[in-house]
Amino acid sequence: MTEASAGTGSPSRTALPSGPVWRAGLLAALAGTVANVVVWVLLQPVLDAGLQVPVQPGSTELNELPLGAVVGVTAVSSLVGAVVLWLLTRRGPSGVRLWVILAVAFGVLSALPAFGLDVSTGRQLGLVLFHLVATVTVIAVVRQQLARFATADPHQ
């Protein structure tokens with residue numbers, strides 16, 4: 001069952017059902033977090049990349065990037081993304097397209113501060129990798145899950 005949003009009631013203005021949207025958003029948040037854990041494990045212990053981040057915002061003192069920070073930041077930002085996805089899909093299927101645009105913009109913009117750190121370019125790129133992997137993973141999972149829903153229920 002769908003909820004119609006305010007407007008003409010045409011299919012393009014019909015809100016997507018909340019259940020599949022929430023499932024897609026939450027699964028995407030989990031997948032993005034797991035993907036970044038895998039990246040951290042490969043870059044830190046296995047490849048000994050020595051990724052460093054400021055001890056606190058604005059600080060020039062650097063500390064090793066802890067796994068907990070990777071998990072926390074990825075999970076929280078991905079969960080916020082799931083809420084934004086739900087809000088935008090209240091407008092209908094066009095909300096997914098707008099969400100993808102916002103997710104890409106957020107992923108790119110959130111990665112830019114890594115280039116301001118006083119570390120090697122390789123380490124900067126290593127930090128940027130977390131943002132790109134999470135962004136690509138979250139978008140891919142949301143699109144795949146919503147496509148599965150649309151295929152399973154052709155009336156949507």
Side-chain angles (χ1 to χ4, degrees), residues 1-44 49 51 53-54 56-58 65-117 121-156:
M1 182 157 90
T2 63
E3 302 166 347
S5 62
T8 64
S10 67
S12 64
R13 297 286 300 162
T14 302
L16 297 178
S18 293
V21 171
W22 277 115
R23 276 191 296 278
L26 295 176
L27 185 58
L30 177 63
T33 303
V34 169
N36 268 351
V37 167
V38 170
V39 169
W40 186 89
V41 167
L42 292 175
L43 289 177
Q44 287 290 89
L51 298 176
V53 292
Q56 54 189 341
L65 177 64
L67 179 59
V70 171
V71 170
V73 170
T74 306
V76 168
S77 60
S78 297
L79 289 171
V80 168
V83 172
V84 172
L85 173 67
W86 175 76
L87 289 171
L88 290 174
T89 57
R90 300 292 77 211
R91 301 173 43 128
S94 66
V96 176
R97 195 171 26 256
L98 178 57
W99 177 83
V100 169
I101 293 167
L102 290 173
V104 168
F106 178 79
V108 169
L109 291 174
S110 68
L112 292 179
F115 293 112
L117 296 176
T121 303
R123 289 181 177 183
Q124 290 173 341
L125 293 174
L127 293 171
V128 168
L129 185 62
F130 289 105
H131 298 267
L132 298 181
V133 165
T135 300
V136 169
T137 302
V138 166
I139 290 170
V141 170
V142 163
R143 292 182 65 110
Q144 183 260 342
Q145 289 296 307
L146 292 179
R148 274 176 85 188
F149 169 74
T151 303
D153 188 0
H155 295 97
Q156 298 300 317

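Only a predicted model underlies this, so the values are computations on that prediction, with no experimental measurement involved. These values consider heavy atoms only, across backbone and side chains, with no hydrogens, waters or symmetry-generated copies.
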Under 3.5 Å, sequence neighbours excluded: what are the donor-acceptor pairs made by side chains of residues 133-146?
unit_1, atom_1, unit_2, atom_2, d
T135, OG1, H131, O, 2.7
T137, OG1, V133, O, 2.7

Atom pairs and distances, side-chain donor-acceptor, residues 76-86, under 3.5 Å, sequence neighbours left out:
unit_1, atom_1, unit_2, atom_2, d
S77, OG, V73, O, 2.8
S77, OG, T74, O, 3.3
S78, OG, T74, O, 2.7
W86, NE1, S18, OG, 3.0

Let me check something: any side-chain donor-acceptor pairs from residues 20-30 under 3.5 Å, sequence neighbours excluded? List them with distances.
none

Review point. Would V96 and L88 count as a side-chain contact (heavy atoms from CB on, under 4.5 Å) if you check the C-alpha gap in whole Å, the side-chain angles of each, and the deciding distance to 0.1 Å?
Key: CA-CA 7 Å; V96 176; L88 290 174; over 6 Å; no
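- Two residues are said to be in side-chain contact when any heavy atoms from C-beta on lie closer than 4.5 Å; L65 and W40 meet this criterion.
- Looking only at side-chain heavy atoms (C-beta outward), L16 and F149 stay at 4.5 Å or farther from each other.
- How far CG of L98 is from CG of L87: 11.0 Å, rounded to the nearest 0.5 Å.
- We find the CZ-OG1 distance between R90 and T14 to be 10.5 Å, quoted to the nearest 0.5 Å.
- Rounded to the nearest 0.5 Å, atoms CG (L132) and OG (S110) are 8.0 Å apart.
- In terms of heavy atoms, L127 sits closest to A114 at CB-CB, 3.9 Å.
- Considering only residues two or more places apart in sequence or on other chains, L112 meets the side-chain contact (heavy atoms from CB on, under 4.5 Å) condition with L109, F115.
- Residues forming a side-chain contact (heavy atoms from CB on, under 4.5 Å) with I101 (at least two apart in sequence, or on another chain): none.
- Partners of A75 under the side-chain contact (heavy atoms from CB on, under 4.5 Å) rule, at least two apart in sequence or in another chain, are T33.
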